[in-house]
Each structure stands twice: as C-alpha cells, then as structure tokens.
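Contents: one structure, followed by commentary.
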Amino acid sequence: MNNQKHSVLKRCFHWINVPSLAIMAWSGILIYWAHQAYVILPKILVDKLNLHHRLAEGMGWHFLVMWIFALNGLGYCLYLILSGDWRNIFPRKKDFQELLPFVLHDLKILKTGPDLREIYNPAQKMAYTSAILMGAGLILTGAAIFKPVQLGWLTSLLGGYEAARLEHFILLVAIFLFFIVHILQVMRSGWNNFRAMVVGHEIEKE
Amino acid sequence: MKKNKAFLVLGLFFILVIGGFFIIQKGARKDGTPTALRNSFILNEKLWASIQSAKRLSVKKSTPAAGKVPRVNGLVGLKSEIDLTNYSINIVNPDKSMHLPISSFYLLPKIGYTTDFRCIEGWSEETHYAGARFSDFLEAHNLGKKLDGKYYAYVGLITPDKKYYVSIDMESMLHPQTVLAYEMNLQPLSLDNGAPLRLIIPIKYGIKSLKRIGTITFSDSRPPDYWAERGYDWYSGL
C-alpha cells in the first residue's frame, strides 16, 4: 500500500514495546523497593501495588523480559537503518530551526501552525529519537548493574556501580515522562491517527 | 475488512500477553519461583557462566579507613553460641574428611582486596577484606579434587548451626578474589560479620558470601542453597 504511514514491522516493534516496558517498569519497582536509594515510595502506593518482599520475583521477570525488550529494540534499530525510515525520525538541522513554531502551535499559543510536509514534525522527531536513546540507555545501564564484573568495563565507563544504578533509575523516570506526553498527544491527535498505528494508514479523504 | 483484522490481531496479542503473564505467575513453581522464571535464571546462568573468566576481576577500589564498620545485613546462622578459641572447621570431601583448626587458615598466604561488596537488595559498599585465597586453601590440603584429578563441580558452605547454607560452582570458588576472610576493613572480623572465618566472593551477590563457616563440602551434585530455595537465582553471578 503506497499511502501507508506505519509499516507492519514498525507496528510490531511498537506494540511489543508496550507490554515489555510495562513488565520491566513493574518488576524494576519490585527490585527497587528492596533498597530505596533515591525516592521513598509512599506506603499507600506500596500496599496498593503489593510490593513487599517480592525482590526475587521482580528479578525473575526483569531478567526474562529484558531480553524481549532488548531484542525488540535491536530489531527496531536494524529496521530503521535497513528501511531508511531513520530519515523520517532523526532530526536534522532544519528541524531544530523549525521546532519553535510547532511547539507554540501545539501549546495553542500560535493559532495557525506551520505546514507539515513530512510524517513527523520536528518535536515528534526529537521525542521519538530521544525515546530510542532512552531505551538504549536503559539497556546499557541495566547491563552495567546486572553484570558489574563480567561487564566491568561498561560499569566503569558509566561511572561505577552506584552511578549506573542512579542512571538506570533516572532513565526510568525519563521514559515514563515520555510515555505520559506520548499518550496525551495521541489522545489529542484523535482516533484516525491512533488507528494508523494499528492498521498502518489513515482513512483517506475522498 | 483488512482494517478490522489489524485491530483483531492487536487485541489477540494483548490477550495472549496478559494471559501468558498470569499463567506464568499462577502456574507451577520451582524452588519458590514460577517455573518459567526459574528456567530464565538458568538460561542466564548458562550464558554468563560461559563468558566468566578468572581474569575478569571485580573492579579494585580504594581501601576504606581502617575499622570502618562493614554493613551488617542478615544474621541467619549466627545466633548460636560459639567458642572462638577452639573453633574448627569441618571439611567434607567425599574420600577424605577432616577438622581444621581456625589457626591453620592464618598460616596460608594472606591475600587482601578492596572492591564493591554488592547486596542483592541493591546496596553496595566498598569493602576491604583479607584472608586465605580459597584456591590456596584447596592446594595446601589437597582438597576439592576427585581421584581422577578433576575438581568437584560444587562447593557447599554451612554455618555451625546449619541454619544458613550456600552452594557455589567450583569455577567461581577458584576465582582469585574468592577468599576465606578473617579480616574486613583491616580489622579482625566481628561476630556479626561472620567471625572467625567467612567467605567473601565479590563476583557474586552478598547472599553467597556466607558468614561463620562451620562446614565446607565438595560434591558433584549441587548442595542446598538457602536463598535459591526461596525464589532467588542460584547462580547470582555478577
């Protein structure tokens, strides 16, 4: 189909991320709860989420689903390179110059938005590219905590074991914020746009 | 029609994922964890054990101030009374068993390292530890090997009261940083940290560094392990 917005492969990579990231975040919190180094989770939340004494279970899920998340991410990166789709996603110089009017229009400060001649506007490109980088960062910092002896070079590169753990945590917060903004933007864009991520293309206006 | 199919496929995918999640969670368990997660631990173990090398060390750190109290975490196996002066350690080699007085460990070459001591809970602490390298101990008493000269596959360690016990693969026990320690942070071991003799194995989580060694066993079948029976990864290698 030549009016396709999202290829089958891209949609697969996208939707596999949803449950794998959800399980990674949840099991990661089970692990984090055993030693809360940065943020003390409120007791109500801990009781509601039933986080007590579930470290072993958290590790079990984390070290299983990490492979799905990592392989899916790797597959997506290969896809971006081989299909040439990276050109649609990675921001170029002009995207940084054109960013402001798009953001102002999104925030409803500018009434008329600039024309979009590509699949993604500059803000989207930057958000999606940073999401890829956050995913890669989560995998690297995670590996550095997971195997600080066998992958000691990586742990040292990231500033040591404690630093890698903090970086892993910060990236979790960052990708969570991305997720929130992503959901809000998808809701604002409406059904047709969401539908395209499922079926591949938007309904053509005839 | 094609459009509805895509929604159907996505819906089916989520049903399968959610169903699969609950089947794993509520289904059969092995040693305190769902079987799928146990198998995943074992697969990870196979992968990481295959790249483990005696040359890859836990990164050296700067030695903390002498006498800085190492964090105490968990007192299972340390609650009974012991006689530190006449302390001896039980060695159970299938063809040769013996009691070694604690003083015999002080005669072996003294080795010290400073590196991160990493707890499975998530905290870590730069710790200096010193004692006899486990491989030196084996060599000095000609232990750990079968009649054909090959090493036993596993080492088991047990506290005198038998309440805490670990088992570790021989390759990790032969790692140069694996030490039968009688000093931490340049001070003699405290009772809470496992006096008179404990294991420190920095290439594994702290759950494997058993305090107050009462018995050391060698075997080709895996001896029991306290935390592996309670849902944790048996290998716990770093």
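Every chain is numbered from 1, with letters handed out A, B, ... down the list of sequences.
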In terms of heavy-atom proximity below 4.5 Å to chain B, should A:V18 be classed as side chain, backbone, both, or neither?
-> side chain

Is the count of non-hydrogen atoms from other residues, nucleotides or ligands lying under 6.0 Å from A:F179 atom CZ greater than 12?
-> no

Pick whichever of B:Q52, B:R118, B:R38 has the most heavy-atom pairs under 4.5 Å with chain A.
-> B:R118

Tell me, yes or no, whether the heavy-atom count around A:K94 atom NZ, taken from other residues, nucleotides or ligands under 6.0 Å, exceeds 12.
-> yes

So which part of B:R230 gets closer than 4.5 Å to some heavy atom of chain A, the side chain, the backbone, both or neither?
-> backbone

Distance from A:Q150 atom CD to B:S50 atom OG, nearest 0.5 Å?
-> 9.5 Å

Counting only heavy atoms closer than 4.5 Å, note whether A:M197 contacts chain B via side chain, backbone, both or neither.
-> neither

In terms of heavy-atom proximity below 4.5 Å to chain B, should A:W67 be classed as side chain, backbone, both, or neither?
-> side chain

Please answer whether the main-chain N or O of A:F63 pairs with a side-chain N or O of B:N44 as donor and acceptor at a distance below 3.5 Å.
-> yes

Identify which of B:A36, B:S58, B:S124, B:G32 forms the greatest number of heavy-atom pairs closer than 4.5 Å to chain A.
-> B:S124

Where along residues 50-58 of chain A does a heavy atom come under 4.5 Å of chain B, listed by residue number?
-> A:R54, A:L55, A:A56, A:E57

Mind running ring pair (Phe, Tyr, Trp, His ring centres under 6.0 Å) on A:W15 and B:F7 for me, showing each step along the way?
-> CA-CA 12 Å; A:W15 287 110; B:F7 274 98; 9.1 Å; no

Start with the C-alpha distance between A:V149 and B:W48, add both sets of side-chain angles, then the distance that settles side-chain contact (heavy atoms from CB on, under 4.5 Å), and finish with yes or no.
-> CA-CA 11 Å; A:V149 179; B:W48 295 99; over 6 Å; no

Spatial distance of atom CG (A:L64) from atom CG (B:N39) [nearest 0.5 Å] | 10.0 Å

Report the distance from atom CG of B:L37 to atom NE2 of A:H62, rounding to the nearest 0.5 Å.
-> 13.0 Å

So, the part of B:D116 with a heavy atom under 4.5 Å from chain A: the answer is side chain

Please flag which part of B:P202 lies under 4.5 Å from any non-hydrogen atom of chain A: side chain, backbone, both or neither.
-> backbone

B:I203 side chain near A:K147 side chain, heavy-atom distance below 4.5 Å = no

Take atom CZ of A:F176 as the centre, draw a 6.0 Å sphere, and report whether it contains more than 12 heavy atoms from other residues, nucleotides or ligands.
-> no

dist B:E121:CD -> A:Q36:CD (nearest 0.5 Å) comes out at 11.5 Å

Interatomic distance, A:H35 atom NE2 to B:I120 atom CD1 [nearest 0.5 angstrom] = 14.0 Å

Can you sort out the partners of B:F218 under ring-ring contact (aromatic ring centres under 6.0 Å, His included), two or more places apart, ordered by chain and number?
-> none

For chain A, find its close neighbours in residues 11-20 of chain B: heavy-atom separation under 4.5 Å, sorted by number, or none.
-> B:F13, B:F14, B:V17

The reported gap from CH2 in B:W123 to CD in A:E162 (rounded to nearest 0.5 angstrom) is 10.5 Å

Applying a strict 4.5 Å limit to non-hydrogen atoms, the region of B:Y232 in contact with chain A is both

A:I23 versus chain B, heavy atoms under 4.5 Å apart: side chain, backbone, both or neither?
-> side chain

Can you tell which of B:V9, B:I24, B:V59, B:L43 has the highest number of heavy-atom pairs within less than 4.5 Å of chain A?
-> B:I24

Side chains of A:W61 and B:Q25: donor-acceptor distance under 3.5 Å anywhere?
-> yes

Heavy-atom distances under 4.5 Å only: say whether B:L47 touches chain A with side chain, backbone, both or neither.
-> side chain

Does the gap between the ring centers of A:W26 and B:F21 come in under 6.0 Å?
-> yes

Who pairs with B:A132 by side chain to side chain contact (heavy atoms under 4.5 Å, CB included), at least two apart in sequence or on another chain?
-> B:L108

Ranked by heavy-atom pairs below 4.5 Å to chain B, first place among A:G160, A:S156, A:G60, A:A37 goes to A:G60

Does A:W153 CH2 have over 12 foreign heavy atoms under 6.0 Å away?
-> no

Side chain from CB out, backbone as N, CA, C, O: work out which of these in B:T115 comes under 4.5 Å of a heavy atom of chain A, or both, or neither.
-> neither

Would you find more than 12 non-hydrogen atoms of other residues, nucleotides or ligands less than 6.0 Å from A:I44 atom CD1?
-> no

Is B:Q187 atom CD crowded by more than 12 heavy atoms from other residues, nucleotides or ligands, each under 6.0 Å away?
-> yes

State whether the number of non-hydrogen atoms from other residues, nucleotides or ligands found under 6.0 Å of A:Y38 atom OH is greater than 12.
-> yes

